[in-house]
Structure formats: C-alpha cells, structure tokens
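Everything below concerns the one structure shown next.
Sequence positions, counted from 1, serve as the residue numbers for this chain. Quick caveat, the model's predicted, so the values are computed rather than measured.
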Amino acid sequence: SLKPGFFTLTVPTGGGKTLSSLLFALRHAAHHGQKRVIYVVPFTSIIEQNADVFRKIFDVLATTEFTPLIEHHSSLAPEKESTRSRLAAENWDAPLILTTAVQFYESLFASKTSVARKLHHIANSVVVLDEAQALPVNLLSPCLRALEELTEGFNTTVVLCTATQPAIQFQPEDFPIGLKETREIITEPRELFDGLKRVAVVQRGKLSDADLVNELRSQPQAL
C-alpha cells in the first residue's frame, strides 16, 4: 500500500522471489490503479523458465481475444507467433509483460518509432527488475535516471529483485548518481537468509590428494 516508487526485494536463491515479486506487483498495481506489470530479466537463459511459471498461473484467463501474458525477447520462435501476438509484443498491450533488459532499456532510449511504440505502456506500471545486480555498470547513470523519471513523473513503481542487491544507494561524495530512496519489501531479509542457508564455507587448509578424496567420498554429494 506504500506509494509508488523504488522498492527492493532481497531474497536468497531458491527463496521464491519470482512469485513473491509478482504477488507484490499485482497487489501494488491493484491498490494504486497501475495498468500492467513488466517483468524484466537480464538473461534470455532464465526468461523461458519464468514464462513457464507465469503461464501456469495466468493461462486460465486467456481467450481468443485476450492474452494475459506477452513475452518479448530474442529467443522467441517466429514460427510460433501470430500476427496478433507480434503486434501485441510491439505495443506491450497486455497486463503482464515478460521481457529482457535490452528490450526494456531500448524502449526508453531508442529513437526508432517501432521501438518507442510501447513507451507509453511503461508509464503507470510496476516494473520488476529481476537479478537487479546485472544492471550494466557502463550505462548505470542513464539507466538510473530513466528509472527515476518513471517513478517521479509517471506513476511507475520499480522493484529491484535479487539475492545480491547492487550498492546503488545515493551517497553525496562516493556515489552521487545513486537512488535516493528505496524501501525493502521484506522486514527482516537477514532472517530469511539464515533460514534458507544450505552451504557452510570452511577453510580446510592444505590437504593431500588422498585426504581430499576420502573427504569427498564420505559425502553423499560433494563438489
């Protein structure tokens, strides 16, 4: 229910951040009258996995005239697309968009009409930046300024969603281009990390090959 702006969702790997961030985005959008959720991932290698999760939830709403989920990325197979789905992807005319960081930022900065056609649909939405630590460092300043403009002038909410939050908070001397205000969705991220801890790192010092082999063989699974 907090006002639109910047949020962080800091969840360890395997902690369910995909569905948690989606649930937050849906509730937040409904509360503030925002029109769509745009889920942005940095790598095409994980986009299809997220798409499968979203389809299991939203395909029940699909009809011949209504598409609840649109994917827009370079891994789409053209032979599986219809004219209608291609047009919808160009315009991002759906309540849930799943896209890549490249498509998202090109929509904000490109000067081509075909790319900018979806620009107005980014306004008044909730943008979830999955794996937010993958923000391009060499383009960090314009990317952050564009995100700030969306939150300040266009009723858009941005969620930085990751297990390893990037250090992009505003610091007058050390990092003046940083974000001035972000709000963590989870009240105690540290407790969640402790509860989901699966690995303990121990410095064993020097081991002979034989001792190392014996230690590995004593475990049901080892690396």
Q) Going by atom types only, do Q165 and T8 share a side-chain donor-acceptor pair under 3.5 Å? A) no

Q | Test salt bridge (Lys or Arg N to Asp or Glu O under 4.0 Å) applied to E148 - qualifying residues, sequence neighbours left out | A | R145

Q. Who are the ring-ring contact (aromatic ring centres under 6.0 Å, His included) partners of H121, not counting sequence neighbours?
A. none

Can you tell if the side chain of [X] reaches within under 4.5 Å of the side chain of [Y], non-hydrogen atoms only?
X	Y	answer
L179	L147	no
R36	Q34	no
L22	I57	yes

Q | Selection residues 169-181 - residue pairs positive for salt bridge (Lys or Arg N to Asp or Glu O under 4.0 Å), sequence neighbours left out | A | none

Q. Please, which pairs that meet salt bridge (Lys or Arg N to Asp or Glu O under 4.0 Å) have at least one residue in residues 212-223, sequence neighbours excluded?
A. R204-E215

Would you say the side-chain atoms of [X] pair up with the backbone N or O of [Y], donor to acceptor, closer than 3.5 Å?
X	Y	value
Q219	Q221	no
T10	A163	no
Q171	G178	no

Q | Minimum heavy-atom distance S125-V127, with the two atoms named | A | OG-CG2, 3.8 Å

Q: Check Y39 against S21 and note the closest heavy-atom contact, atom names and distance.
A: OH-OG, 3.1 Å

(Q) Starting from F54, can I reach F66 by hopping between I/L/V/M/F/W/Y residues whose side chains sit under 4.5 Å apart? (A) yes

Q.
Applying a strict under-4.5 Å side-chain criterion to I, L, V, M, F, W and Y, I'd like to know whether V102 and L160 cluster together.
A. no

More than 12 heavy atoms of other residues, nucleotides or ligands under 6.0 Å from [atom1] of [X]: is that the case?
X	atom1	value
D209	CG	no
F154	CZ	no
R27	CZ	no

Would you list the atom pairs, donor with acceptor, under 3.5 Å between side chains in residues 104-113 and any protein atom, with sequence neighbours excluded?
from: S107; atom 1: OG; to: Q103; atom 2: O; distance (Å): 2.7
from: S107; atom 1: OG; to: K118; atom 2: NZ; distance (Å): 3.0

Q | Reference residue I38; test side-chain contact (heavy atoms from CB on, under 4.5 Å); the match among I97, L129, L96 | A | I97

Q: Please work out whether the ring planes of H28 and H32 are parallel, tilted or perpendicular, with thresholds of 30° and 60°.
A: tilted

**Q.** Nonpolar side-chain network containing L216, other nodes, edges under 4.5 Å
**A.** L207, L212

